[in-house]
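These notes concern the structure reproduced below.
First listed ligand is number 1; within each ligand, the first listed atom is number 1.
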Amino acid sequence: MIRKITEEELLAQQAYVRAFRHLPGRPETYHIVTYGCQMNAHDSEKLAGMLEAMGMTAAPTREEADFVLHNTCCIRDNAERKALGNVTWLKEIKKIRPSLLIGVCGCMVQEKGMAEKILNQYPFIDLAFGTGNQYKLPELLYRAAEKRERVVAVEEEQSTLAEGLPIRRESPWQAYVTIMYGCNNFCTYCIVPYVRGRERSREPGDILREVEQLVRDGTKEIMLLGQNVNSYGRELAGGWTFAKLLREAAKTGIPRIRFMTSHPKDLTDELIETIAQTPSVQRHFHLPAQSGSDRILKAMNRHYTAEKYLDRAEALRAAVPDIGLTTDLIVGFPGETEADFEDTLALVEKVDYDSAFTFIYSPRVGTPAASLPDQIPPEVSAERIDRLIKAQEQHTEKRLNALIGTRQEVLVTDFSRRDETMMTGKCGRNISINFRGTKADIGRILPVRVVSAGRTTLRGEKEIQEASHE
Ligand code: 5AD
Ligand code: SF4
């Protein structure tokens with residue numbers, strides 16, 4: 001059973017929030033450095049929400065902050081090395097400014113043995129906590145700031161769900177909404193189930209209330225988050241499925257809905273039909289394949305074959321012809337032969353993705369694949385990923401070119417990075433479109449005609465709207 005954080009526990013944290021505000025010499029400013037996926041990005045918004053409630057303000061850079069918190073990722077070795085490298089760099093700042101408080105949280109802290117490692121090898125870290133006790137940030141930071149003692153808190157149990165915490169959202173137009181935590185799938189390469197715990201779905205009522213509030217606040221797009229959103233609601237009463245949740249979310253009137261991530265084994269016809277029938281669900285589906293080889297898929301514990309995957313992709317395309325598919329692919333999984341890799345290339349050819357995230361397999365301590373024989377030499381993996389990226393680039397080019405001449409709805413989010421007279425935003429397919437516009441366009445959903453395609457982005461022209469209802 002999921003244990004929700006009780007009213008008393010929340011009240012206890014609120015008492016620390018108040019006490020912190022009156023703590024003499026307390027840190028005034030914070031800076032959060034975030035690594036990894038959207039789930040972490042959203043966790044950082046929740047952490048920032050708590051810090052603001054404690055009376056702190058955001059500092060634009062690490063150098064200017066009294067408290068620097070690193071929200072870490074451990075999915076691959078390079079993510080971990082980057083985080084530890086940056087934390088160690090702060091040690092030098094602390095020599096000049098001893099009052100600086102250094103914190104580390106997120107997935108890496110939750111890894112087995114990491115708490116001891118932090119205590120022994122990183123004495124300049126003042127505060128470390130795992131994903132399971134994020135909601136206790138007010139208490140933990142209070143203790144670190146008041147007594148100047150080191151605080152390391154990692155809870156084994158990840159059963160707690162915190163509702164009602166403040167969130168400081170990065171964007172007024174786009175919002176992450178967590179629908180479930182954790183993962184039950186234990187793909188043999190993946191550390192997520194060990195650091196994020198078992199699947200726990202949020203109550204639909206809590207989710208829908210959050211979305212309704214976002215609609216009132218003027219949010220244009222939500223991204224529903226979970227490691228495997230397709231298995232949403234399995235442990236809840238009332239026959240909830242992800243498809244049903246999508247239909248209910250659409251009824252709130254939110255203009256655009258996206259979601260991340262889906263496991264192909266749980267992609268139901270009900271979900272496909274719901275997407276087809278719900279215009280606010282955007283025409284983009286991220287469906288990680290990981291490999292195109294049945295042998296490797298089995299060794300990865302993915303529970304599908306390349307054929308089954310293709311069947312799901314085709315069902316999506318049949319029901320929603322203009323849908324854009326994207327994927328995650330791993331090369332160099334232990335035992336991957338040239339023939340296995342060619343199966344992955346063949347899958348890329350058949351599916352014709354809009355784009356793909358490609359990764360070199362990185363052994364993670366404690367996962368079954370890390371102790372498999374036949375680990376692939378780095379130079380073989382490097383050569384394979386190059387070939388894979390090149391193969392996908394051709395499809396991206398083809399897919400982007402096919403959009404020239406079409407009219408796309410763009411949620412305008414910013415100026416273009418290179419040119420101040422150009423605006424940028426994403427179309428339903430999740431592809432960036434740049435077009436000539438003004439600051440006043442930001443936050444609006446505008447019709448844009450695609451005129452040309454770059455390598456990864458599109459260029460368009462704003463269409464004149466006959467009557468604006470906005
Ligand atoms: N090595 C390489 N890639 C990994 N991923 C997850 N674990 C590993 C690993 N050990 C990739 C998968 C997943 C994405 C988020 O990260 O492709 O879908
Ligand atoms: Fe990791 Fe597999 Fe779970 Fe995704 S579904 S988080 S790859 S174990």
Salt bridge check, Asp206 against Arg209: does any charged N sit closer than 4.0 Å to a carboxylate O? yes
Does anything in residues 223-244 pair up under ring pair (Phe, Tyr, Trp, His ring centres under 6.0 Å), and if so which pairs, sequence neighbours excluded? Phe242-Phe259
Before accepting this row, confirm whether a basic side-chain N of the pair Arg295/Glu336 lies closer than 4.0 Å to the acidic partner's carboxylate O. no
Tell me the residues surrounding ligand 1, counting only those with a heavy atom closer than 4.0 angstrom, sorted by chain and number. Ile75, Arg76, Tyr189, Gln290, Asp328, Ile330, Phe359, Ile360, Tyr361, Ser362, Arg364
Residues Arg202, Glu163: salt bridge by 4.0 Å N-O rule: yes
ring-ring contact (aromatic ring centres under 6.0 Å, His included) involving Tyr361 - partner list, sequence neighbours excluded: Phe333
Give a yes or no on whether a salt bridge exists between Lys298 and Asp294, defined as a side-chain N under 4.0 angstrom from a carboxylate O. no
Is there a side-chain contact between Cys105 and Leu69, using heavy atoms and a 4.5 Å cut-off? yes
Distance in Å, Ser44 OG paired with Ile32 CD1, rounded so as to fall on 0.5 Å steps: 5.0 Å
Would you please classify the geometry between the His284 ring and the His286 ring as parallel, tilted or perpendicular, with 30° and 60° separating the classes? tilted
Looking at ligand 2, is there an atom of it that comes within less than 4.0 Å of some heavy atom belonging to Arg302? yes
Taking only Lys NZ, Arg NE, NH1 and NH2, and the carboxylate oxygens of Asp or Glu, determine whether Arg168 and Glu45 approach each other closer than 4.0 Å. no
Atom 1 (Fe) of ligand 2: protein N, O or S atoms [distance under 2.8 Å]: Cys190 SG
Is atom 5 (S) of ligand 2 touching the protein, meaning some protein heavy atom lies under 4.0 Å away? yes
